[in-house]
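Below, chain A is the first sequence line, B the second, and so on; all start at residue 1. A quick note: this is a predicted structure, and the numbers were derived from the prediction, not measured.
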Amino acid sequence: MNRDEQECLYTIDQKQITTLIETEETTVLVTISGKNNQPLKVKKLLPQKQLTIHEKEQIVNYIADWFDLTTDIGPFYKIVENDPLLRPLLPSLYGLRIIGVPSLFEALCWAVLGQQINLAFAYRLKRDFIQTFGHSITYNNETYWTFPKVQDIAVLTTEQLLQVKMTKRKSEYIINIAKQIANKELSKTKLLQINDMDQIEKSLVNIRGIGPWTANYCMMRCLRDPNAFPVADVGLLNAVKRFKNLAEKPSKAEMLELSKNWTGYKAYATFYLWRGNNVL
DNA sequence: AGCCAGGAGATTT
DNA sequence: AAATCTCATGGC
């Protein structure tokens, strides 16, 4: 999780994560830590008042969702054992789960602003977006940010987003998505209720600015479909090219053939290949 | 300097 | 329908 120094939604030190988590009632600053095979420890730093059971539940649920703690990755590791491409990655990545983006708005914004630009620049855009339109609190001389609120972005003009180096089109996409979420046309609950992944993808792709890549990215990291698959993802193609020692990036047909073996866990295979780039 | 980046929509064929 | 062009800015 600490692959990017510009990440401002959480900090990591001494294998401990510090982040703001928003419940319906309040915003809570927590630290999350854990040792191998032991339950995660969550500690509240702010606010000082006692949290209600309801608030605590929301925080626990958020963290469980964020780290995908309820998915059984056993079947995925069966696949990995028999997959020459994934097997070498396992020693370094063992236990890794798909780090999610529980908020639909955040997931879609992050995907849209990352379209067709290099990751370093994407992180910069995200940081500038958050630090311009999000909210922060300071604790022990450290500033912690929350992602911009749907209502705040829905009322912006494209010109206001251009100031954080967003392109005009991305500005339009993001504001439009914010508007649809703000007026309840679009919500995570509604999407999940569709329950058929192909139909969910279709309804996402119907939204301007969301193509097959963004839809699958969102299904993978927010809607938690373990089989979502951004086939044409450049990072994925480059990872396959690298780990298979190919001269060129694999074709779509090759990717589809390769991914047959990952059926049920294509999102996990994708995530492991992405992260494989960082560890091998 | 030039290619390309965790794409999508519009236009042309 | 499928191929091609345009958007647009920065990293390397």
Ignoring the backbone of [X], work out which of [options] is nearest its side chain.
{"X": "A:P212", "options": "B:dG6, B:dA8, C:dT9", "answer": "B:dA8"}
{"X": "A:N238", "options": "B:dA5, C:dG11, B:dA8", "answer": "B:dA5"}
{"X": "A:Y173", "options": "B:dG6, B:dG9, C:dG10", "answer": "B:dG9"}
{"X": "A:T214", "options": "C:dA8, B:dG7, B:dG6", "answer": "B:dG7"}
{"X": "A:Q115", "options": "B:dG6, C:dT9, B:dG7", "answer": "B:dG7"}

Whole angstrom value for the distance that separates [atom2] of [N] from [atom1] of [X]:
{"X": "A:R169", "N": "C:dA8", "atom1": "CZ", "atom2": "C1'", "answer": "9 Å"}
{"X": "A:I210", "N": "B:dG9", "atom1": "CD1", "atom2": "P", "answer": "8 Å"}
{"X": "A:L236", "N": "B:dG7", "atom1": "CG", "atom2": "P", "answer": "11 Å"}
{"X": "A:K165", "N": "C:dA8", "atom1": "NZ", "atom2": "P", "answer": "14 Å"}
{"X": "A:N118", "N": "B:dG2", "atom1": "CG", "atom2": "C1'", "answer": "14 Å"}

Take a 6.0 Å sphere around [atom1] of [X] and say whether it holds more than 12 heavy atoms from other residues, nucleotides or ligands.
{"X": "A:K188", "atom1": "NZ", "result": "yes"}
{"X": "A:K165", "atom1": "NZ", "result": "no"}
{"X": "A:Q50", "atom1": "CD", "result": "no"}

[N] and [M]: how far apart are their [atom1] atoms, nearest whole angstrom?
{"N": "B:dC3", "M": "C:dA8", "atom1": "C1'", "value": "15 Å"}
{"N": "B:dC4", "M": "C:dC7", "atom1": "C1'", "value": "15 Å"}
{"N": "C:dG11", "M": "B:dA1", "atom1": "C1'", "value": "13 Å"}

Query raised in the report: Hey, is the side chain of A:R208 pairing donor to acceptor with the base of B:dG7 inside 3.5 Å?
Result: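 No, the side chain and the base share no sub-3.5 Å donor-acceptor pair.
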
Query raised in the report: Hey, which of A:E5, A:R3, A:E7, A:Q6 is the one that makes side chain to side chain donor-acceptor pair (under 3.5 Å) with A:Y123?
Result: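 When side chain to side chain donor-acceptor pair (under 3.5 Å) is applied between A:Y123 and each of A:E5, A:R3, A:E7, A:Q6, only A:R3 qualifies.
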
Query raised in the report: Any chance the side chains of A:E142 and A:N140 put a donor and an acceptor closer than 3.5 Å?
Result: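 The answer is no; no qualifying pair exists.
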
